[in-house]
Every structure is written in C-alpha cells, then in structure tokens.
Amino acid sequence: MSQKIGISLCGGGARGMAHIGVLKALEEHNVFPTYIAGASAGSIVGCLYAAGKRPDDMLDIIQQTRLYEIFRPGFSFRGFMSLGYLNDVLKEQIPHNSFEELQHQLWIAVSNLKSGECEYLHNGNYLSEAVLASSSIPLVFKPTEIEGQLYVDGGLLDNLPIKPLRPQCDVLIGVNVNQHGWTRKKYEEMVSIGVRSFEMILWTNIQDNFKACDIQVDVEGAYSCGIFDFHKAEEVAEAGYEAALKVMPDLLNLTLITS
C-alpha cells in the first residue's frame with residue numbers, strides 16, 4: 001500500500017520561492033506529495049505543483065514571466081495594487097482553472113473578511129481566484145471576491161495550513177521560510193520595523209502547526225531575503241533545496257517505518 005504524503009507550504013512573500021527547492025529535493029529522492037496545502041506564496045507554488053508542473057518548470061515560469069514585478073510594494077490613491085497579472089499567468093499555465101482537474105489534491109488557505117475566519121478552498125472552477133485571494137496582502141492588494149465573499153491573504157489567519165491535510169496523510173511535511181527567534185539585525189527605520197513585526201505575526205500563527213508536522217523543513221537560508229525580493233527566486237529556491245536535504249534522512253527513515 002502506497003503512503004499518503006502531504007506537504008504544507010507557508011506564505012512569506014519572495015521567501016516562498018524556497019518551496020520550489022524543497023519540492024525538487026523531495027522528487028530527487030522519490031518522495032512525491034499528493035496532498036498539498038498552501039497560503040499566500042505557498043499557494044502559488046502549491047497550485048503549480050498540484051497542476052503537474054515540475055520544480056524546474058516553476059522556477060522558469062517565475063523568472064520568464066517576471067512574475068515578481070507585481071509584488072513590488074507601492075500604493076495608489078485608492079490604496080491598493082492589482083494582482084491581475086498573476087491571474088493572467090495562472091490561467092495561462094492552468095487553463096482549466098478547476099480544483100477537480102488538478103493532478104493532486106490541493107487546499108488553499110484564505111481569510112474571509114466578512115466572517116473573520118480562515119477557509120480552505122478545495123473545489124470549484126475558481127482556482128486562480130483562490131490563489132489571488134490567498135496572496136492578497138492586506139492594505140497592499142485588493143481583496144478578491146469569490147461567490148459573493150471577500151478574501152485576503154490566507155497567511156493572516158493560517159500561514160501553515162495543516163488542518164485539511166492531517167486526516168488525509170500518513171506523513172506530513174511542513175515548510176517554514178520565515179525568520180523566528182533571536183536576530184541581530186538593527187531596526188531603526190519604519191519599513192524594517194514593519195517587516196520584523198510582520199515576521200513575528202507570521203511565526204506566531206505558524207509555530208504550533210509547524211511542530212505538529214512529522215517532518216519540519218526550516219529554510220534558514222531564506223531568512224535574509226526580503227518579502228518582495230522575487231528577483232532572488234533562484235537563490236531562495238536553492239536554500240530550500242539545501243534545507244530539505246538536511247532532513248531527508250529523517251524523512252526517508254519515517255517513510256520506511258510507516259510503509
């Protein structure tokens with residue numbers, strides 16, 4: 001009987017590109033997650049992977065489409081930026097736009113502005129819209145409307161979604177890309193203080209779920225990457241690859257035990 005392996009991919013802006021490297025390392029060791037959950041940047045990578053895109057293909061998509069350009073911070077007088085370009089790229093890469101036609105099961109964490117609760121979108125013909133919703137950083141991007149509900153960044157309420165995965169999986173892998181614990185950085189400017197505050201909020205809603213995973217991939221090499229530094233995608237993906245290799249003996253041993 002084959003094992004059911006799940007993976008949860010957290011949000012973290014450009015740091016989320018580390019997930020590509022993690023998936024590459026897993027595949028090289030014949031570990032293929034078939035149950036995937038993601039929030040924010042993790043939902044982008046998770047969506048592409050669930051659609052059958054290989055890790056190297058995903059990195060090419062991000063670099064060739066210059067996807068990172070839409071994540072440059074800035075505000076108009078209306079207070080929002082648009083994720084329309086991301087929507088176009090996703091629909092080009094996954095024309096069917098359907099959860100049901102994906103190769104692997106996928107859950108996308110989103111935060112419902114009306115109910116104030118986290119939801120895990122898993123079916124329907126609005127795959128790209130679900131990813132947009134999960135990536136809609138509050139006060140930066142417009143909320144995304146799906147079936148009359150307004151959604152923003154899934155990482156706001158659950159940045160490492162494992163709730164829908166745990167009942168499905170024999171082995172659950174969690175990937176964190178966000179800095180936590182002590183740092184020697186100086187925080188003297190408003191932007192750096194804001195980013196550090198964002199990091200602390202993310203870790204607060206990640207840590208319990210991270211500890212609950214069977215295998216924890218903590219990509220320390222991504223910590224130094226700014227959340228909008230998508231031009232560093234290749235470098236950050238390599239950091240994810242190296243971090244996954246460190247836990248590979250434990251993962252392979254666990255899969256043997258549970259098989």
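Looking at Pro164 and His122, their side chains never come closer than 4.5 Å, going by heavy atoms from C-beta outward. In this structure, the side chains of Pro161 and Asn209 stay at 4.5 Å or more apart for every pair of heavy atoms. Side-chain contact check for Leu251 versus Val171: some heavy-atom pair is nearer than 4.5 Å. In this structure, Leu165 and Leu172 have side chains that are in contact, with non-hydrogen atoms separated by less than 4.5 Å. Looking at heavy atoms from C-beta onward, Ser98 lies out of side-chain contact with Leu127 at the 4.5 angstrom threshold. Contact annotation: the side chain of Ile108 approaches that of Phe99 to within less than 4.5 Å [non-hydrogen atoms, C-beta and beyond]. Residues Ile94 and Ser128 are not in side-chain contact: their nearest non-hydrogen atoms beyond the backbone lie 4.5 Å or more apart. Residues Asp153 and Pro138 have side chains in contact (heavy-atom distance under 4.5 Å, counting atoms from C-beta outward).
The closest side-chain donor-acceptor pair between Ser40 and Ser134, if any, does not fall under 3.5 angstrom. Defined by atom type and a distance below 3.5 Å, a donor-acceptor pair is missing between the side-chain atoms of Asn112 and Glu117. For the residue pair Asp170 and Gln3, no side-chain donor N or O sits within less than 3.5 Å of a side-chain acceptor on the partner. Side chains of Asp218 and Asn176: a donor-acceptor N/O pair is present below 3.5 angstrom, by distance only. If you check the side chains of Tyr151 and Glu129, you find no donor sitting under 3.5 Å from an acceptor.
Taking each heavy atom of Ala222 and Ala18 in turn, the nearest pair found is CB-CB, 4.5 Å. Between Val110 and Ala130, the closest heavy-atom pair is CG1-O, 3.8 Å.
Looking at Asp57 and Arg54, no side-chain N of the basic residue comes within less than 4.0 Å of a carboxylate O on the acidic one, giving no salt bridge. A salt bridge links Asp214 to Arg166: one of the charged nitrogens lies within less than 4.0 Å of a carboxylate oxygen. A salt bridge is absent between Lys163 and Asp158; no separation between the charged side-chain nitrogens and carboxylate oxygens falls under 4.0 Å.
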- [ ] Carefully, step by step, assess Val22 and Leu26 under the rule side-chain contact (heavy atoms from CB on, under 4.5 Å).
- [x] CA-CA 6 Å; Val22 172; Leu26 294 178; 4.3 Å; yes
- [ ] Output, in order, the C-alpha distance, side-chain angles, deciding distance and verdict of side-chain contact (heavy atoms from CB on, under 4.5 Å) for Val45 and Met58.
- [x] CA-CA 7 Å; Val45 175; Met58 287 188 276; 4.0 Å; yes
Open item on the list: side-chain contact (heavy atoms from CB on, under 4.5 Å), that's the test. Do Val175 and Val219 meet it? Break it down for me.
Closed with: CA-CA 7 Å; Val175 186; Val219 189; 4.0 Å; yes
Open item on the list: Run Glu119 and Trp107 through side-chain contact (heavy atoms from CB on, under 4.5 Å) and show every step you take.
Closed with: CA-CA 9 Å; Glu119 298 178 16; Trp107 288 263; over 6 Å; no
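A 6.0 Å sphere centred on CD of Glu28 holds more than 12 heavy atoms belonging to other residues, nucleotides or ligands.
Relative orientation of the Tyr49 and His104 rings is parallel, given thresholds of 30° and 60° on the angle between their planes.
The side-chain contact (heavy atoms from CB on, under 4.5 Å) with Ser8 is formed by just one residue from the set Ile162, Ile206, Asn159; it is Ile162. Screening Ile173, Ile215, Val217, Thr34 for a side-chain contact (heavy atoms from CB on, under 4.5 Å) involving Ile7 leaves a single residue, Ile173.
Criterion: ILVMFWY side-chain heavy atoms under 4.5 Å apart, direct or through other members. Under it, Leu113 and Ile137 are not part of a common hydrophobic cluster. Residues Leu121 and Phe141 share a hydrophobic cluster, clusters being chains of Ile/Leu/Val/Met/Phe/Trp/Tyr side chains in contact below 4.5 Å. Connection of Val247 to Leu9 is established within a shared hydrophobic cluster, with ILVMFWY side chains joined at heavy-atom distances below 4.5 Å, either directly or through further cluster members.
Here the straight-line distance linking atom CG of Leu160 with atom NZ of Lys211 works out to 13.0 Å at 0.5 Å rounding.
Under the 3.5 Å distance criterion, the side-chain polar atoms of His19 are matched with a main-chain donor or acceptor of Cys10.
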